[in-house]
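Everything below concerns the one structure shown next.
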Amino acid sequence: MKVLVVGGGGREHAICWKVAKSPLVDKIYCAPGNAGIASVAECVPIGAMEFDKLVAFAKEKEIDLTVVGMDDPLVGGIVDAFEAEGLRVFGPRKNAAILEGSKAFSKDLMKKYDIPTAAYETFNSPEDALKYLETAPMPTVLKADGLALGKGVLICQNLEEAKAGVQELMVDKQFGSAGDRIVIEEFMTGREVSVLSFVDGKTIKIMTSAQDHKRAKDNDQGLNTGGMGTFSPSPFYTAEVDDFCRKYIYQKTVDAMASEGREFKGIIFFGLMLTEKGPRVLEYNARFGDPETQVVLPRMKNDIVEVFNACIDGTLDQINLQFEDNAAVCVVLASDGYPEHYEKGFEIKGLEKFAGCDDKFVFHAGSKFNDGKIVTNGGRVLGVTALGADLKTARANAYAATELIDFANKYKRNDIGKAIDEA
Ligand code: AMP
Ligand code: GLY
């Protein structure tokens, strides 16, 4: 088989790496890919939103399966564009990717089908939002309705901050049209867990749990980022939590989408908060998480291409999804200054020390070739992942592995997986 993966970050590197392990696959292309992905796939200089070019490429190369990693193309209808040309593609259609593409949609869905989530109101004008905030309990949470690179969520401690938030999202349009509509939500507290799942329209199979660290600095200080590190499994995702979610969240979400005429095939990523009152859905994503994928896929036993095929064909009930009884930790090596201002273009040294390893990996998020060398090319540069028999061992292995890599403005958090010690 020939497989095309769409995207060019650490998540897509992990997907390509896992696809490369499938005996069904002879050749992998990745559009646009990056310098790390180039070690497992042929990178093609086509952007993820260039649907016509991607479709033409898939036809020309007779691609058997396209896998879409990123949210923007999914929400924009890339799956529909491929299917319209008779091409086989893994991911939700546009009418189902709205589960991630519109917070108002997903909140209304949860309300209608009684899926546990924070109480909320939706607003189409800043005036109505401001009026509501005058009597709203604080802290409160403001969310841009549309996609905002994971940055459209504002936690506001008081009325003043909330008013400034409405200004930022709805008036100044910091995230463009994503802020035409906002959701204002009850503030909840608790541990967060990311649960990824495969879905074939009817059946859902849950992957192992993970936890992300979104803030830039140690002890969850600093700005929100795309994710500074992950560990898997989450020790807080107990059998009891799992039972609750299976009963009240996972299958109910899949059935709700089907009932709405929006059959969901692909990945549903459940962003959960374990509150005192039980697990609640913080958000849905319609794709693999980044950097959750970098710790989940190295622990997955199945041939991922078989699972992709089962999702497309509606035969996921026949798949026995299995994960190793071990643990993984991913520490992101970023450019100092991320997520604000940072320099790039520095040579990355030490990558060869990971060649052929099956217990530690470097998934590239932002790198490129320059004069035959691999150089930094983004805020998040690499996701250094290591396995271990348990979480503490995996964490020690991952941090040891980060020492093997060097580049000029290398920055990392030093407390990825610290929560493990509290479990
Ligand atoms: P989201 O993109 O919806 O996952 O939100 C980003 C982050 O904001 C989450 O990972 C949480 O840390 C936080 N967050 C979102 N919604 C809430 C909420 N209702 N209460 C408290 N924190 C929240
Ligand atoms: N790690 C969070 C996300 O992928 O949205």
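Note that ligands are numbered from 1 as they come in the structure, with each ligand's atoms numbered from 1 the same way. On a predicted model such as this, the values are computed, not experimentally measured, just so you know.
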Protein contact to [atom] [nearest heavy atom, distance to 0.1 Å]:
atom: atom 13 (C) of ligand 1; value: I155 CD1, 3.8 Å
atom: atom 5 (O) of ligand 1; value: V153 CG2, 3.4 Å
atom: atom 16 (N) of ligand 1; value: K143 NZ, 3.1 Å
atom: atom 5 (O) of ligand 2; value: R287 NH2, 2.9 Å
atom: atom 9 (C) of ligand 1; value: E192 OE1, 3.5 Å
atom: atom 17 (C) of ligand 1; value: L282 CD2, 3.4 Å
atom: atom 19 (N) of ligand 1; value: E185 OE1, 2.6 Å
atom: atom 2 (O) of ligand 1; value: E283 OE1, 3.1 Å

Atom indices of ligand 1, in the order listed, that fall short of 4.0 Å to a heavy atom of K103: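 This gives 1 (P), 2 (O), 3 (O) as the contact atoms.
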
Residue F187 vicinity, atoms of ligand 1 by number, heavy atom under 4.0 Å: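 Under 4.0 Å from F187, ligand 1 has these atoms: 20 (N), 21 (C).
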
What atoms in ligand 2 come closer than 4.0 Å to a heavy atom of [X]?
X: E292; value: 1 (N), 2 (C), 4 (O)
X: D212; value: 1 (N), 2 (C)
X: N285; value: 5 (O)
X: G289; value: 4 (O)

Decide if atom [atom1] of [X] counts as having more than 12 heavy atoms of other residues, nucleotides or ligands within a radius under 6.0 Å.
X: D243; atom1: CG; value: yes
X: Y248; atom1: OH; value: no
X: K301; atom1: NZ; value: yes

Y120 six-ring centre to K103 NZ/CZ under 6.0 Å and within 45° of normal: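 Cation-pi check for K103 and Y120: fails.
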
Ring-face cation of R299 near F323 (centre distance under 6.0 Å, axis angle within 45°):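 No, cation not above the ring by the 6.0 Å, 45° rule.
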
Exercise: do K107 and T117 side chains pair donor with acceptor under 3.5 Å: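 The answer is yes; a qualifying pair exists.
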
Side chains of S22 and D303, donor plus acceptor under 3.5 Å: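 Side chains of S22 and D303: pair found under 3.5 Å.
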
Ligand 2 contact by F269, heavy-atom criterion under 4.0 angstrom: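 F269: in contact with ligand 2 (<4.0 Å).
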
Derivation and outcome, ring-ring contact (aromatic ring centres under 6.0 Å, His included), residues F51 and F82: CA-CA 8 Å; F51 297 175; F82 271 67; 8.0 Å; no

F361 and H13 aromatic centres sub-6.0 Å: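 No, ring centres 6.0 Å or more apart.
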
Any R280 heavy atom less than 4.0 Å from ligand 1: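 Flag not set, R280 not near ligand 1.
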
Which segment of R11 sits under 4.0 Å of ligand 2 when only heavy atoms are counted: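 Neither; no heavy atom under 4.0 Å.
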
Region of T230 engaging ligand 2 - heavy atom pairs below 4.0 Å: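 Under 4.0 Å from ligand 2, T230 contributes no heavy atoms.
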
Salt-bridge contact R215-D220 (side-chain N to carboxylate O under 4.0 Å):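 Salt bridge flag = no for D220 with R215.
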
Aromatic plane relationship, Y284 with F270 - under 30° parallel, 30 to 60° tilted, over 60° perpendicular: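 Perpendicular, since the angle between the ring planes exceeds 60°.
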
Y411 to A216 - nearest heavy-atom pair and separation: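 The answer is OH-O, 2.9 Å.
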
From N224, V141, T117 - option closest to atom 18 (C) of ligand 1 by heavy atom: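 Shortest heavy-atom distance from atom 18 (C) of ligand 1: V141.
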
M188 N/O under 3.5 Å from ligand 1 N/O: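 In this structure, M188 places an N or O atom under 3.5 Å from an N or O of ligand 1.
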
